[in-house]
**Student:** 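First the structure, which I've put down as structure tokens, then a few questions once you've had a look.
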Amino acid sequence: MENNYKKLAEAIFPNINKNVEYYENLYSERSKKNNVVTRFAPSPTGYMHLGGLYISLINQSFAHKQNGTFFLRIEDTDQSRILSNGVTEIINTLHNFDINFDEGPINETEDFGEYGPYRQSDRKEIYQTYAKYLIEQGKAYPCFCTKDELEKIRENQNKVGESLIGYGGKYAVCRNLTVNEAIKKIENGESFVIRLKADNNGIKRVTVKDIIRGEINMEDNEIDVVIIKGDGLPTYHFAHVIDDHLMRTTHVIRADEWIPSLPLHLQMFKTLGFKAPQYAHVCPILKLEGDSKRKLSKRKDPEARVGFYFEQGFPIIAVKEYLLNLINSRFELWREKNPELSYKDFDINLNEMSKSGALFDLNKLLNVSKRIIKNMTDEEVFQGILNWSKLYSNNLYQFIIKDENKFKSSIPIWHKNRMDIAKWNEIEKNFDYLYDLNFLQKLNINNEFLNFPYVLEILKDYIESYNQNDEQSVWFEKIKNIANKYNYCVKIKEYKNNPKNYNGSIVDVTTFIRIALTGKKDSPDIYEISQYIKEEEVKKRIKNLIDYLTK
RNA sequence: GGUCCCGUGGUCAAGUGGUUAAGACACCGCCCUUUCACGGCGGUAUCAUGGGUUCGAAUCCCGUCGGGAUCACCA
């Protein structure tokens with residue numbers, strides 16, 4: 001019988017002449033210091049998703065904080081879905097987000113590391129060697145069923161109310177083919193896949209362990225799953241088990257959609273005689289649609305595409321720190337206590353991760369980002385804006401490089417002790433009064449303060465008294481004088497106590513000036529703005545408002 | 001439909017049998033203040049639901065409801 005299986009294995013994989021021992025020796029156990037080995041294993045099927053970034057950040061932080069190894073593996077076994085620049089896209093995105101892997105593909109064709117190749121399409125021979133080994137032992141077999149036949153089996157199972165749905169048990173007809181029958185079919189050129197015999201008869205329960213969820217009680221696998229597809233490449237399940245064994249992965253941290261196949265994977269590890277890694281299944285980032293939550297979708301949600309964050313000009317650290325909040329809510333407290341440490345110093349704890357998916361909260365991201373920008377130096381802010389505008393806003397970029405120093409001098413106006421900006425694309429829009437040369441023509445003034453008495457007089461006096469060289473205190477004394485002259489209260493408390501005694505308060509006076517200069521009621525210090533835009537422009541803008549109010 | 005997972009304010013969440021049920025974001029108010037902010041202080045608002053166990057339940061057990069995942073030669 002054993003010889004028969006060998007004959008079958010030989011008929012199926014005549015060109016496979018290495019054996020299992022060869023690979024076991026080639027990829028020997030990692031040294032002790034690699035007590036933690038994690039990986040990120042995406043498919044190169046399109047632009048990277050926030051969820052992918054999230055998973056890779058967890059894997060990287062978890063491994064690196066413990067001096068472990070983090071590698072990248074490309075899962076490209078579905079030839080119909082891979083994209084030509086998919087690998088480059090993934091590598092670039094990870095690079096841009098400063099997520100560094102220790103081993104893996106470094107471009108479309110080359111790999112780096114001792115446990116490669118790191119793309120599954122280059123590992124065909126390895127998978128086939130192990131498949132051949134399983135066939136020799138009678139643990140796997142060729143299946144010649146067509147799609148239609150499989151469909152019929154399933155229909156029938158549904159009709160009968162069978163609890164087993166799929167190719168297993170008595171429904172696994174090819175399992176009973178004799179070796180000679182199988183060989184004959186192969187010789188006749190019939191197409192086939194390789195299936196693994198389920199290590200199970202009838203429904204059994206197993207308890208699987210997950211770092212995040214704890215113990216989970218499930219039905220054991222009883223399906224003879226496909227391990228090698230018609231094109232000779234492995235399915236995800238088989239590739240996962242072979243790769244993570246041979247690459248000596250210790251912790252598989254992946255999306256929670258894989259929980260249902262955990263019994264299968266564990267069974268495969270056992271059948272192959274491998275030690276299984278520890279698993280942590282992470283829940284996805286969600287989005288509210290109507291009343292129900294759904295996964296962030298690349299199609300529907302712009303924020304699902306990581307490119308979105310570059311385009312908007314979020315500092316990448318902000319995105320990562322937001323994600324870290326989601327990974328371990330303890331991060332927030334830690335960050336507050338250790339404002340100067342790098343996020344890389346934070347200890348990720350997998351069993352502190354939430355068991356339910358979090359809704360993506362743009363507000364929170366914005367806040368995290370504002371705080372990070374606030375804590376940057378002016379120079380860092382400058383570099384951030386420069387790099388961003390170069391790629392995404394030619395207008396702003398041209399404005400900056402025309403006079404870098406002048407632009408730099410404007411940064412403290414809105415940066416010092418402020419949280420005005422969460423992402424670089426807000427600069428032009430929010431600070432058009434600083435950076436738009438045609439600001440005056442575009443200025444839109446609302447007229448609600450026409451109601452205040454003496455607005456015109458106040459503005460005229462302000463133009464009259466304005467002097468670019470005044471110290472801030474002198475400048476403000478002048479405003480106070482004007483306020484007094486028109487009975488606008490200089491002391492806010494006094495005004496609040498007796499508002500009826502005055503035409504308004506000094507707050508209103510500065511608001512007139514602010515609106516004239518910026519078109520907004522909210523803006524940074526108007527003295528500093530004035531210093532930046534210079535006397536002529538200040539007067540022009542005040543005059544502009546006077547003209548507007550006059551007509 | 002089968003199997004599995006999850007359910008604490010609007011959002012992220014701490015919590016493991018006794019807490020006035022932390023904290024952060026958002027929102028509102030107050031203080032500081034020449035303004036806008038920053039900062040400080042405070043406020044609104046939560047244990048899905050019904051039973052049980054217990055002197056005592058967000059926490060343990062059972063049911064219900066709700067949301068999600070999965071059931072491919074895709075990953």
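Throughout, a chain's letter reflects where its sequence line sits, starting with A, and its residues are numbered from 1.
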**Student:** Using the side-chain heavy atoms of A:Arg213, tell me which of these nucleotides is nearest: B:rU70, B:rC6, B:rU34.
**Tutor:** B:rC6

**Student:** Please check if atom OH in A:Tyr47 has more than 12 non-hydrogen atoms from other residues, nucleotides or ligands closer than 6.0 Å.
**Tutor:** no

**Student:** For A:Tyr435 and A:Tyr532, take the angle between the two ring planes, folded into 0 to 90°, and tell me which bin it lands in: parallel under 30, tilted 30 to 60, perpendicular over 60.
**Tutor:** perpendicular

**Student:** How many whole angstroms separate atom CZ of A:Arg371 from atom C1' of B:rC38?
**Tutor:** 10 Å

**Student:** Can you check nucleotides 71-73 of chain B for protein contacts, nitrogen or oxygen pairs under 3.5 Å, and list what you find?
**Tutor:**
from, atom 1, to, atom 2, distance (Å)
B:rC73, O2, A:Gly230, N, 2.7

**Student:** Taking only the side-chain heavy atoms of A:Ser356 (C-beta and beyond), determine which of B:rC5, B:rC6, B:rA69 contains the nearest atom.
**Tutor:** B:rC6

**Student:** Can you tell me which nucleotide in B:rU35, B:rU3, B:rA75 comes closest to the side chain of A:Val507?
**Tutor:** B:rU35

**Student:** Quick check: on RNA chain B, is the nucleotide nearest A:Leu359 upstream (toward 5') of the one nearest A:Ile479, or the reverse? Name the residue that is more 5'.
**Tutor:** A:Leu359

**Student:** Tell me: CG of A:Leu264 to C1' of B:rC4, nearest whole Å?
**Tutor:** 15 Å

**Student:** So for A:Gln472 and B:rU34, does any side-chain atom that can act as donor or acceptor lie under 3.5 Å from a complementary atom in the base?
**Tutor:** yes

**Student:** From the set B:rG23, B:rG67, B:rC38, return the single nucleotide nearest to any side-chain atom of A:Lys374.
**Tutor:** B:rC38

**Student:** Parallel under 30°, tilted from 30 to 60°, perpendicular over 60°: which one fits the rings of A:Phe431 and A:Tyr433?
**Tutor:** perpendicular

